[in-house]
Amino acid sequence: MPFPLSAHNDRMANVESFDLDHTKVRAPYVRLAGVKATPRGDHISKYDLRLLQPNQGAIDPAAIHTLEHLLAGYLRDHLENVVDVSPMGCRTGLYMAVIGEPDEQGVLGAFEAALRDTAGHDRPIPGVSELECGNYRDHDLDAARRHAREALAQGLKVQETVLLDRSGTASM
Ligand SMILES: [Zn+2]
């Protein structure tokens, strides 16, 4: 019996982040990327936590790895029901999934507080050992602290979503 594929078609599923016009945003910012409802009616919100302006730089892998370890804890200290915090593949920021629909100003405040904690972090990075991490040698606390400091100095805001205008593009 063939494996039951659902809704098969020739296209990949739509991914919301590919609809954001990355030239129209101004980092650093938090942005509500989308809200999903589970079959039982719970809501899960996904946020962009963008530190660098897209396509104008990238955080070194070791530094964003350290930001991942630090923000995983510090964001949970300032915001309830965080499900996941993970780096963007483009290395300009992180994604956060959270249960419910916290207001954007609250998420902004939590991210700022977590960045302040990160900028002041002067202890060992949590979870850094061969047992706890998949690449424990690849960390850079100084650079992670610097990125947190710089984002705070630039001032974070809530970014509205600016959708790509695909009206001029043929056969996407
Ligand atoms: Zn790790």
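Each ligand, and each atom within it, is numbered from 1 in the order the structure gives. The shown structure was predicted, so the numbers you read here are calculated from the model rather than taken from an experiment. Scope of the values below: all heavy atoms of this structure, side chains included, with no hydrogens, waters or symmetry mates.
- Within the structure, every pair that satisfies the ring pair (Phe, Tyr, Trp, His ring centres under 6.0 Å) test and touches residues 56-106, not counting sequence neighbours, is listed here: His65-His69, His65-His139, His69-His139, Tyr74-His121.
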N/O donor-acceptor pairs under 3.5 Å from side chains in residues 102-111, not counting sequence neighbours:
| residue | atom | partner | partner atom | Å |
| --- | --- | --- | --- | --- |
| Asp103 | OD2 | Gln105 | N | 3.1 |
| Asp103 | OD2 | Gly106 | N | 2.8 |

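- No side-chain N or O of Arg145 forms a donor-acceptor pair with one of Thr118 less than 3.5 Å apart.
- Inspection of the environment of the Zn ion (ligand 1) yields the following protein N, O or S atoms under 2.8 Å: His65 NE2, His69 NE2, Cys133 SG.
- The ring pair (Phe, Tyr, Trp, His ring centres under 6.0 Å) contacts involving residues 19-49 comprise nothing, where partners must be two or more places apart or lie in separate chains.
- From Asp84, atom CG reaches atom CD of Glu68 across 8.5 Å, with rounding to the nearest 0.5 Å.
- A distance of 11.5 Å separates CG of Leu71 from OG of Ser86, quoted to the nearest 0.5 Å.
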